[in-house]
Structures are given as C-alpha cells and as structure tokens.
**Student:** 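There's a structure below that I have some questions on.
Sequence positions, counted from 1, serve as the residue numbers for this chain.
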Amino acid sequence: MITDLISERSVIVCCGSGGVGKTTMAASIGLAAATLGRKVVVITVDPARRLGDALGLENGLGADPARVVLPDDVPGELWAMMLDPATELERVIRTTAVRPGQADEALANPFTQSIATSLGGTQEYMATEAVYRLTSDEAFDLVVVDTPPSDKAMAVVEAPDVLVKFLDHQVFKLLMGTGGRAARLLSAATQPLLRAVGRVIGSNVLNDVVNFLRAFTGMETSFRQRAITVQKMWRSDSTAFVLVATPTTESLNEISRFNDELVSAGISSTALIANGATKEVSIDAGTSGHLPASAAEWLSWQSELAKSERVVLDARDTNLPEVAMVSRLLEDVHDVDGLLQLADELVSTSSRKKLQ
C-alpha cells in the first residue's frame, strides 16, 4: 500500500499528533520516493522546525527548496523547505499584482505586515499558496506536506475552503468594489459603522485595512483560482492523506478523531502508519536454551510487546485505513542514514528495482 502511494501519487499529506514521528515519517516517505527515482520536495508547515533536524541539516531549512545530499546509489532527488508565511505572502503578492507598483504599495501597508507576522490563519493560507506553487513546479513529481500536529492540521486542510468562501462573500465583494455604494462604505469619514469600528481598533488601523483592500484589487481573482485548485487537489486521486500514529490506544483514538474530521470535509485518508512498532521476534527451542537468561527474558518481553501492539492495532476504529508498521529505532533520526532505515521499510526491494 505505502509503496504504491510513494511511487504513484503526486501529493502526500502526512498528518498526526505531536510526538508520533510525523515529521520523520514525512522525510522518510520523501526519501523512499527518491530511492525509486522520483524528484521529491518535502515542505513542512509545522513551525516546530523538526524537518531540518531529521534531515541532519545544521543550518535548518529556508523558505525555498534546498537539495538534500543523498548517497550516490539513490537515483532520485530530495529537496526540503519550511514554510515562511511572510516570504510566501510577499511572493504571492508580487506574482499576482495586476498593475505597476501595486505589489510595492500592498507590501508597504502596515496591515500587510501584520498579516504576515501575527494574523491568525496566515500560516494556513500561505501553506495553500506554497503547495500550489510546488505542485505547479515541473522540477518535482512528488510533493510531501508535513502538517502541524493533528489538532491544528485541519486548519491547513480547510484553508482553501475558508478562503474561497471569504472571497465569494458579499461583504468582501462590496469592500472590493469601486464607486457607488462601495465607495461610500469605504469612506470612514461618512460611515457611522466604520467610525465606530475605528474607535475600537483605531482609525489608523482601519485606514490601513481599507487601503490594503484597495491595493489588493485585481489580485483576488488569482487567489481564488489557486485556492480552488488546492481545494480540488486535496480530494483528488492524485493526493494521499497518510495518518501517522504510534501503536497505542491513545494515539489511535486521537488519529481516529482527526480522520473523522477529514471524512466530514469530504476527504478520505489513504494509509495509516504505525510508527515505532516493536519487531516481533521468534525464538526456537534449540536456540533459547543457549541464550543468557537476561537475553531470553528480553526477547520474550519484546515478543509479548509486539503481540500486544498488534492487538491494539487490530482493535482500531474500522474507519481507519490499512496499517503499515514501521519499526522503532534504537535512537532518534538525525541524518539521511537514519531515514534510509525507515525508507527501506516503506519501499520493498522488488518495487525499487522495478521502478529504476
């Protein structure tokens, strides 16, 4: 299942709660696809900055894709980046401006600057823009999205829907209009409502908002088109939503709740990765008699733990997808070599040879 997704899909979205190894799995999926000869970019929308650490990048990640150095025998490419809302917003404004000087005018507005740094939802909306940009780039044939923890991931998934509704709302259309009623509404000096709003948030802030909307005129059409494209892409067969959890009841319950939210949004998850699973070991009678008592006890404990995890996974919510188990490593992953161990579990040797 996972091998098919990695080799065939054009977008893979990794979702999971904090601490389950979601970011490491996103990096491993990207690397696994590169071992199949694909050109992959992994973008993290999670502000925790764990992707750069998992890839062993001392200087971290920037707002543009940076190529990750891979072993010579890996035929594909792996690139990685971290979403920077301020940089992405400036990039979007400059590429969608419809008249000379419009981008500079919009970017100089104090309200634009506050949007980039402090307005709630900007991270999610700019993630929509970044994903659109990367999927439109012919340099990549797979985009892996590392979302924030599941309690915030739905905001990323729903951002295109929210943006389209906002841009289609009559109030927004009225504010963006020119002349007649719109012009009268935008005149803070003559409108009691706006004067009242100005007293609450400050007349300077209100003027900044009005001026921003005026500077934004003409760009909203492009914003809407791109949001609709991502909106459809989330629900396309070319996109896979991969859930990441640990093989524990608590983790599976949380990812089940998130999966229900996806279903309510009209999105079907495609696979479930049980990360950090215990390898089941078997000890034949002839071998067990020659092992030290401590080693035999440890192996027996490992076997029982693996079986108990399997019971938990088998009892998962029936709405969750098929499970792919990834073994627990002895230490945290901080470089490509560690990621390759995980990637090898995600892609079978036969599939790799077939695709090379």
Side-chain angles (χ1 to χ4, degrees), residues 1-2 4-17 22-23 25-26 29-30 33 38 40-47 51 65 81-83 85 88-89 92 120-138 140-169 220-245 254-273 319-322:
M1 169 64 76
I2 296 293
D4 292 340
L5 299 182
I6 292 172
S7 61
E8 297 172 2
R9 302 299 176 101
S10 57
V11 179
I12 295 178
V13 185
C14 292
C15 308
S17 59
K22 167 185 59 63
T23 298
M25 279 299 104
I29 286 172
R38 305 196 74 186
V40 189
V41 58
V42 182
I43 174 174
T44 181
V45 184
D46 189 343
L51 181 59
M81 64 169 286
M82 180 174 181
L83 177 70
E88 199 66 39
L89 179 60
V92 170
T122 302
Q123 180 100 358
E124 292 78 13
Y125 300 141
M126 290 304 102
T128 297
E129 295 290 342
V131 169
Y132 174 86
R133 178 168 57 86
L134 293 173
T135 54
S136 302
D137 191 336
E138 295 182 356
F140 309 115
D141 49 38
L142 172 62
V143 177
V144 179
V145 183
D146 171 39
T147 64
S150 53
D151 58 339
K152 298 180 179 179
M154 278 307 298
V156 174
V157 175
E158 294 174 338
D161 303 343
V162 174
L163 187 58
V164 171
K165 289 179 181 178
F166 171 68
L167 295 176
D168 285 346
H169 199 282
E220 71 275 11
T221 301
S222 182
F223 269 85
R224 184 179 185 279
Q225 290 173 344
R226 292 195 302 280
I228 290 175
T229 298
V230 177
Q231 192 180 47
K232 293 178 179 178
M233 185 174 63
W234 285 159
R235 297 160 176 84
S236 168
D237 290 339
S238 64
T239 298
F241 276 77
V242 175
L243 310 178
V244 182
E254 181 165 348
I255 204 63
S256 178
R257 288 191 290 271
F258 177 76
N259 186 57
D260 290 342
E261 292 184 45
L262 283 179
V263 172
S264 297
I267 297 173
S268 299
S269 56
T270 316
L272 169 63
I273 294 178
N319 291 326
L320 289 173
E322 181 181 342

**Student:** If you define the side chain from C-beta out and look only at heavy atoms, does anything of M25 sit under 4.5 Å from V242?
**Tutor:**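 Not touching, per the 4.5 Å side-chain cut-off.
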
**Student:** Look up atom CD in E8 and atom CG in L142, then write down how far apart they are to the nearest 0.5 Å.
**Tutor:**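 The CG atom of L142 is 12.0 Å from CD of E8, to the nearest 0.5 Å.
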
**Student:** Taking P85's backbone N and O only, do any of them form a donor-acceptor pair with Q123's side chain (distance below 3.5 Å, no angle check)?
**Tutor:**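 No, because the side chain of Q123 does not come within donor-acceptor range (under 3.5 Å) of the backbone of P85.
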
**Student:** Looking only at non-hydrogen atoms, find the nearest pair between V156 and W234 and report the distance.
**Tutor:**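 Scanning both residues, the minimum pair turns out to be O-NE1, 4.0 Å.
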
**Student:** Nearest 0.5 Å please: distance from the OG atom of S7 over to the CG atom of D141.
**Tutor:**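 Nearest 0.5 Å value for the OG-CG distance: 11.0 Å.
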
**Student:** Is there a side-chain contact between P160 and Y132 (heavy atoms, below 4.5 Å)?
**Tutor:**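 Heavy-atom side-chain distance check fails, nothing below 4.5 Å.
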
**Student:** Between T135 and M233, is a side chain to side chain contact (heavy atoms under 4.5 Å, CB included) present by the stated rule, with each step listed?
**Tutor:** CA-CA 10 Å; T135 54; M233 185 174 63; 3.7 Å; yes

**Student:** Atom OG of S236 and atom CD1 of I267: how far apart are they, to the nearest 0.5 Å?
**Tutor:**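 Nearest 0.5 Å value for the OG-CD1 distance: 11.0 Å.
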
**Student:** Give, for atom CG of L89 and atom CD of E129, the distance between the pair rounded to the nearest 0.5 Å.
**Tutor:**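 Going from CG on L89 over to CD on E129, the span is 9.0 Å.
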
**Student:** Mind checking the CG-CZ spacing from D151 to F258? Nearest 0.5 Å is all I need.
**Tutor:**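 Between atom CG of D151 and atom CZ of F258 there are 10.0 Å.
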
**Student:** Yes or no on side chain to side chain contact (heavy atoms under 4.5 Å, CB included) for S150 and C15, after CA distance, side-chain angles and deciding distance?
**Tutor:** CA-CA 6 Å; S150 53; C15 308; 5.7 Å; no

**Student:** Strictly by modelled atom types, are R226 and S222 linked by a side-chain donor-acceptor pair under 3.5 Å?
**Tutor:**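 There is such a pair between these side chains.
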
**Student:** Quick check: closest heavy atoms across T128 and A227, and the distance to 0.1 Å?
**Tutor:**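 Between these two residues, the closest heavy atoms are CG2-CA, 4.3 Å.
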
**Student:** Please determine whether side chain to side chain contact (heavy atoms under 4.5 Å, CB included) holds for the pair M154 and L262, giving the CA-CA distance in whole Å, both sets of side-chain angles, and the decisive distance to 0.1 Å.
**Tutor:** CA-CA 8 Å; M154 278 307 298; L262 283 179; 3.8 Å; yes

**Student:** Examine distances only and state if a side-chain atom of N319 and a backbone atom of N259 form a donor-acceptor pair shorter than 3.5 Å.
**Tutor:**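 Here the side-chain-to-backbone pair does not exist.
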
**Student:** Looking only at heavy atoms, what is the nearest atom pair of I6 and I12, with distance?
**Tutor:**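 Where I6 meets I12 most closely, the heavy atoms are CA-CD1, 4.1 Å.
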
**Student:** Give the minimum heavy-atom separation between L83 and M126, together with the two atoms involved.
**Tutor:**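 Looks like CD1-O, 3.8 Å.
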
**Student:** Give me the one residue out of I43, D137, T239 that meets side chain to side chain contact (heavy atoms under 4.5 Å, CB included) with V143.
**Tutor:**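 Among I43, D137, T239, the one meeting side chain to side chain contact (heavy atoms under 4.5 Å, CB included) with V143 is I43.
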
**Student:** If you take all heavy atoms of C14 and K22, which pair is closest and at what distance?
**Tutor:**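 Closest pair (atom of C14, atom of K22, distance): O-CD, 3.7 Å.
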
**Student:** Show, in sequence, the C-alpha distance, side-chain angles and deciding distance for I273 and I29, and conclude whether the side chain to side chain contact (heavy atoms under 4.5 Å, CB included) test is met.
**Tutor:** CA-CA 11 Å; I273 294 178; I29 286 172; 4.2 Å; yes

**Student:** What are the two closest non-hydrogen atoms of I255 and G16, and how far apart are they?
**Tutor:**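 I255 and G16 have their closest heavy atoms at CD1-CA, 3.8 Å.
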
**Student:** If I take atom CD from residue E158 and atom CD from residue E261, how far apart are they, to the nearest 0.5 angstrom?
**Tutor:**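 With rounding to 0.5 Å, CD (E158) is 7.0 Å from CD (E261).
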
**Student:** If only atom types and distance count, is the side chain of R38 paired as donor or acceptor with the main-chain N or O of S10 below 3.5 Å?
**Tutor:**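 Not at all, since once roles are kept as given, no pair shorter than 3.5 Å links the two residues.
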
**Student:** Tell me whether R9 contacts the main-chain N or O of D237 through its side chain, where contact means a donor paired with an acceptor under 3.5 Å.
**Tutor:**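 Yes, the answer is positive, given that a donor and an acceptor are paired below the 3.5 Å cut-off.
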
